[in-house]
Amino acid sequence: MAEIPKAYDPAQFENAIYEEWLAKGIFVGDPSSKKKPFSVVIPPPNVTDVLHLGHALNNTLQDVLIRWKRMQGFETEWLPGVDHAGIATQVVVEKNLAREGLSRHDLGREKFVARVWKWKEEKFPQIINQLRKIGCSCDWSRTRFTMDEGLSRAVTEVFVRLYNKGLIYRGERIVNWCPDCLTTLSDDEVEREEVDSFLYYIRYKLKGRDEYLAVATTRPETMLGDTALAVNPEDERYKQYIGQTAILPILDRQLRIIADNYVDPQFGTGVVKITPAHDPNDFEVAQRHNLEKINILNRDGTLNDNAGKYSGLDRLDARQKLVEELKQKGYLLKIENYQLISGTCYRCGAVVEPFLSLQWFVKMKPLAEPAIAAVRSGKLRFHPEHWVKTYLHWLENVRDWCISRQLWWGHRIPVYYCRDCNQITVAGARPSTCPGCGGGHIDQDEDVLDTWFSSWLWPFSTFGWPDKTPELEKFFPTRALFTASEIIYLWVARMVMASYEFMGVEPFSDVYIHGTVRDANGIKMSKSLGNGIDPLLIIKNYGADALRASLMLVTPEGQDPSISEKTFEIGRNFANKLWSASRFVRMNLGDYKIRADMKLDDESLEMPDRWILSRLTRTLGLINNYLSGFRFSTAAKAAYDFAWNDYCSNYLEMIKPRLADKRDAAAGSAQVARECASFVLLSILKMLHPFMPFITEAIWKLLLEDQAQSSISTQPWPEMPLRYINQQLEEDVGTIIRLAEAVRAACSDLDVPPSKKPRVLVRCENPDTARMLNDHKEEVKNLAHSGEVLASIEMAKPPLSASAVIPGAEIFIPLEGLIDIEQERARLEKELEQKRAYLEKIQKKLNNSDFMANAPAEIIETEKEKLKKTDQIIEKLNKNLESLTGW
RNA sequence: GGGCAAUUAGCUCAGCUGGUUAGAGCGUUCGGUUCACAUCCGAGAGGUCACAGGUUCAAGUCCUGUAUUGCCCACCA
């Protein structure tokens with residue numbers, strides 16, 4: 001019989017095991033299966049770059065759930081894929097081009113897009129490979145990309161449908177403009193930060209009068225686009241000026257002075273310059289008052305001809321020069337320091353400019369309603385629950401979604417313009433002739449769609465929508481979505497909206513929001529900071545299971561995990577423990593062969609066997625509960641504790657002699673121990689498999705030589721009938737464990753070397769305990785690292801012995817010649833002191849008449865019981881202490 | 001300016017619906033080459049549960065306020 005190799009070396013087996021899973025087709029979901037479906041779609045990673053630790057966390061969580069459900073007998077489908085990530089990818093590729101001294105304009109649209117595709121062809125397989133290394137059980141036969149043919153068709157279909165329904169419109173609006181990326185940004189793509197800036201006070205002369213009105217502004221250069229001044233209609237200071245005309249300094253443009261409630265009299269001077277083309281508020285004011293909108297910016301952030309002599313300058317340079325001129329000509333009153341909230345491009349960091357342009361929008365209010373109702377009615381749940389507030393806040397205040405982007409990488413907007421008659425056609429395919437005039441001069445809209453316009457369809461477009469496919473039928477709606485909180489608005493809420501609009505149902509029932517991975521200093525891991533950890537490096541150094549188990553064990557539910565490379569030792573050590581324990585069981589099997597479907601003969605089980613089965617049954621119940629409630633970390637810890645403490649430290653230690661006993665007389669007992677140890681080990685492998693798929697599969701194969709063809713991945717999830725839970729047994733073994741601990745502690749305190757193997761005498765309070773201990777001397781000896789054990793109700797304390805008290809029993813360890821009286825006295829006194837403090841605490845409680853009057857009877861009873869027991873223990877400690885005097 | 005979360009041992013975190021002497025891992029101290037595992041085993045030290053009030057017989061756990069940290073949202077020029 002082959003033994004399990006001594007060293008746990010994950011690199012030896014991980015790749016081969018993954019290949020085998022693939023070859024067996026275990027991960028492929030079958031739409032024609034009769035089993036109940038359980039599906040998850042991956043949050044498609046951006047094709048911008050390879051995966052980081054955050055992805056490892058995100059995907060491990062999904063894999064744990066999917067593997068658990070697969071073992072539970074569901075038809076599972078975990079659909080993988082990658083996102084084209086519009087602006088993000090375009091920017092990355094442009095930066096790459098820049099190193100060759102080229103811009104995208106040097107290449108032209110077609111060649112540039114080809115270049116991005118090339119990037120995608122490179123990164124895509126790398127990302128897939130990483131997911132495989134991590135062990136993700138994705139259905140690779142259904143891998144999708146947001147710009148592949150099918151998904152592009154879905155995008156066009158959705159655009160056309162929404163347009164025809166009146167939910168997509170084209171309009172002139174103030175949008176966020178990135179002068180470096182040369183595109184519109186949605187509000188969600190603009191990052192806001194406080195910056196130290198200035199508030200400039202400028203005076204505007206009134207027409208035909210020698211009076212001035214002072215105006216405060218943070219962006220003085222925008223005055224070149226002013227078309228009015230505004231005051232609050234209730235502001236007594238300025239009422240008299242309403243309807244008059246002011247003169248714009250430098251350009252001498254005539255500005256109406258209007259009244260609008262938007263103006264806050266408390267802020268600045270109470271007079272606001274109105275620049276309709278470059279401020280969203282001013283735009284609104286201009287609409288109300290029918291003001292002219294003068295655009296002073298070019299797309300690249302330089303000023304245009306409307307700026308007069310400042311034309312051609314960058315807006316920030318122009319600001320300096322203009323302020324200088326205002327100062328010289330006496331228009332500048334003062335400059336104050338001011339904390340400004342500045343918007344910057346989330347991709348390139350450039351200062352975003354409010355910019356008047358013609359864009360495509362989605363009307364969001366009607367789409368938001370069912371998405372709000374879904375959460376209110378409980379059809380859609382968040383874990384942790386508090387995220388519903390974030391979700392609802394956004395949906396309830398949702399604004400129309402600007403979906404056009406002036407980029408080259410993305411889905412082209414399916415809108416066609418006739419050069420001859422200006423007719424607009426929105427269609428799935430380019431019309432050959434204009435439906436309006438029959439002419440053939442047709443241009444497609446130059447812009448592409450926001451990247452989220454494809455990802456909001458992800459849960460159903462990936463299954464073939466708009467076609468009615470068997471996959472869609474079987475696996476949609478999906479069950480759970482795993483993501484970080486940053487994209488609750490950008491993605492999660494929009495998926496819910498799209499699903500209700502096009503599928504009439506929510507896309508998933510549970511949203512699990514996990515934290516963001518931070519480094520040991522609590523700083524968010526990011527590429528730019530260089531504090532990231534490469535998952536592949538961790539896999540190389542520690543193994544994929546160590547990576548996964550560590551992430552699961554240390555990631556607090558719903559909070560950010562702090563992770564350093566050392567974190568992965570936890571998982572690695574645990575994997576090693578599991579390996580070693582399996583090896584130990586394996587080497588003691590003799591001729592016994594484990595079968596995957598092995599059953600236990602309950603009748604022949606001995607006490608430790610029945611105990612570990614009781615513990616196993618409880619643990620499985622806990623894990624099922626935790627996983628059902630998306631409490632992954634708690635579930636992982638329960639499995640970890642059971643495997644390490646109950647199974648390795650206590651059970652295996654207790655049965656060691658039985659396992660190793662080769663005498664004929666012990667054959668039966670030894671065989672039962674082998675069977676039970678094997679059975680529980682198999683259960684441990686199964687319960688750990690979702691968390692640590694590789695090592696559990698590897699050990700599975702080593703243990704089940706004859707059935708090496710089977711995979712643990714498709715084994716049924718372990719289930720234990722509740723009758724295996726045995727409270728009395730757990731208490732008895734609890735007594736044994738406490739006894740052993742007391743012996744070990746005494747020996748350690750008194751510097752008795754373990755090799756000494758001292759005898760242990762136990763004076764029990766009742767005969768049952770004594771009988772139980774005498775019946776299980778071997779177990780006690782093994783756990784206590786002691787010599788002979790003898791228990792009775794009238795055990796005499798031998799002279800010169802160490803003593804200890806546990807509930808229900810006193811322990812004496814004869815140590816003739818070894819014991820240091822003073823040491824032992826000190827031990828007992830310390831113990832006594834602790835018990836006295838405890839006693840005092842209980843007494844205080846019981847002396848409180850309010851407590852006695854109000855607390856439930858059972859609580860009072862347990863307190864009284866505690867008092868009694870502690871009192872007895874103190875008495876025994878005192879006696880044992882006294883017995884030390886005179887030596 | 002709003003909202004959300006967090007604050008428990010040196011570090012990272014458990015502690016569910018209030019009631020056994022507040023736990024784990026790492027680190028630390030001491031002791032161990034017992035033939036599964038030194039990626040291990042055993043023992044110990046280490047906590048006024050951020051602060052201040054309150055509810056209660058009883059609060060780490062519930063309420064209010066404060067402080068600190070982090071995140072999200074926000075068109076006051």
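Any value given below was found using the heavy atoms of this structure, including those in side chains, with hydrogens, waters and symmetry copies removed.
Counting non-hydrogen atoms under 4.0 angstrom, Pro856(A) reaches a base of the nucleic acid. Residue Asp264(A) is in base contact, counting any heavy-atom pair closer than 4.0 Å across all strands shown. Residue Tyr262(A) is classed as a base contact, given a heavy-atom separation below 4.0 Å to a base. Here Asp749(A) lies in heavy-atom contact (under 4.0 Å) with sugar-phosphate atoms only. Contact annotation for Lys524(A): no contact, since no heavy-atom pair falls under 4.0 Å across all strands.
Ring-plane geometry between Tyr391(A) and Phe382(A) is classed as tilted, the angle between the planes lying from 30 to 60 degrees on a 0 to 90 degree scale. Between Phe574(A) and Tyr640(A), the ring planes are tilted. Angles from 30° to 60° get that label. Note: Phe630(A) and Phe632(A) have perpendicular aromatic rings, judged against thresholds of 30 and 60 degrees for the angle between ring planes. In this structure, Tyr8(A) and Trp579(A) have tilted ring planes: the angle between them lies in the 30° to 60° band.
Across all strands shown, the partner of A52(B) is U64(B), judged by Watson-Crick or G-U wobble contacts whose two distances both fall under 3.5 Å. The nucleotide G42(B) finds its pairing partner in C30(B), both defining distances of the Watson-Crick or G-U wobble pair being shorter than 3.5 Å. In this structure, C57(B) forms a base pair with G19(B), meeting either the Watson-Crick or the G-U wobble geometry with both donor-acceptor distances under 3.5 Å.
Taking only side-chain atoms of Lys835(A), from C-beta outward, the nucleotide of U21(B), C73(B), A77(B) with the closest atom is U21(B). Taking the side chain of Tyr838(A) as heavy atoms from C-beta on, and the options C76(B), U21(B), C37(B), the nearest nucleotide is U21(B). Checking A6(B), C57(B), C4(B) against every side-chain atom of Lys389(A), the shortest atom distance belongs to C4(B). Side chain of Arg518(A), nearest nucleotide from U21(B), G25(B), G70(B): G70(B). Of the listed nucleotides (G19(B), A5(B), C76(B)), G19(B) has the atom at the smallest distance from the side chain of Ile859(A). Closest to the side chain of Ile570(A), from the set C71(B), U21(B), G25(B), is G25(B). The listed nucleotides are A77(B), C13(B), G70(B); the one nearest the side chain of Val272(A) is A77(B). Of all nucleotides listed (G19(B), C37(B), G15(B)), G15(B) comes nearest to the side chain of Arg631(A). Nearest nucleotide to the side chain of Ser562(A), out of U39(B), C13(B), C57(B): C13(B). Residue Ala745(A) has its side chain nearest to A43(B) when only C71(B), A14(B), A43(B) are considered.
In this structure, Glu833(A) does not pair ionically with Arg836(A), as no charged nitrogen and carboxylate oxygen lie closer than 4.0 Å.
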Requested in this report: Evaluate side chain to side chain contact (heavy atoms under 4.5 Å, CB included) for Ser633(A) paired with Thr555(A), printing each intermediate quantity in order.
Outcome: CA-CA 6 Å; Ser633(A) 183; Thr555(A) 302; 5.6 Å; no
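Under 3.5 Å, the side chains of Gln823(A) and Asp751(A) contain a donor-acceptor pair of N or O atoms.
Residues passing the side-chain contact (heavy atoms from CB on, under 4.5 Å) test with Arg319(A), sequence neighbours excluded: Tyr200(A), Arg219(A), Pro220(A), Glu221(A), Leu316(A), Val323(A).
Looking at Lys866(A), its side chain has no donor and acceptor atom pair within 3.5 Å of the base of U21(B).
Using P as the reference atom, U39(B) and G44(B) are 24 Å apart when rounded to the nearest Å. Here the separation of U48(B) from C41(B), taken at their C1' atoms, is 35 Å to the nearest Å.
The phosphate of A14(B) has OP1 or OP2 within less than 4.0 Å of a side-chain N or O from Gln559(A).
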Query raised in the report: Nucleotide by nucleotide, 5' to 3', does protein get under 4.0 Å of the base (B), only the sugar-phosphate (S), or neither (-) in nucleotides 27-36 of chain B, counting heavy atoms?
Result: S------B-B
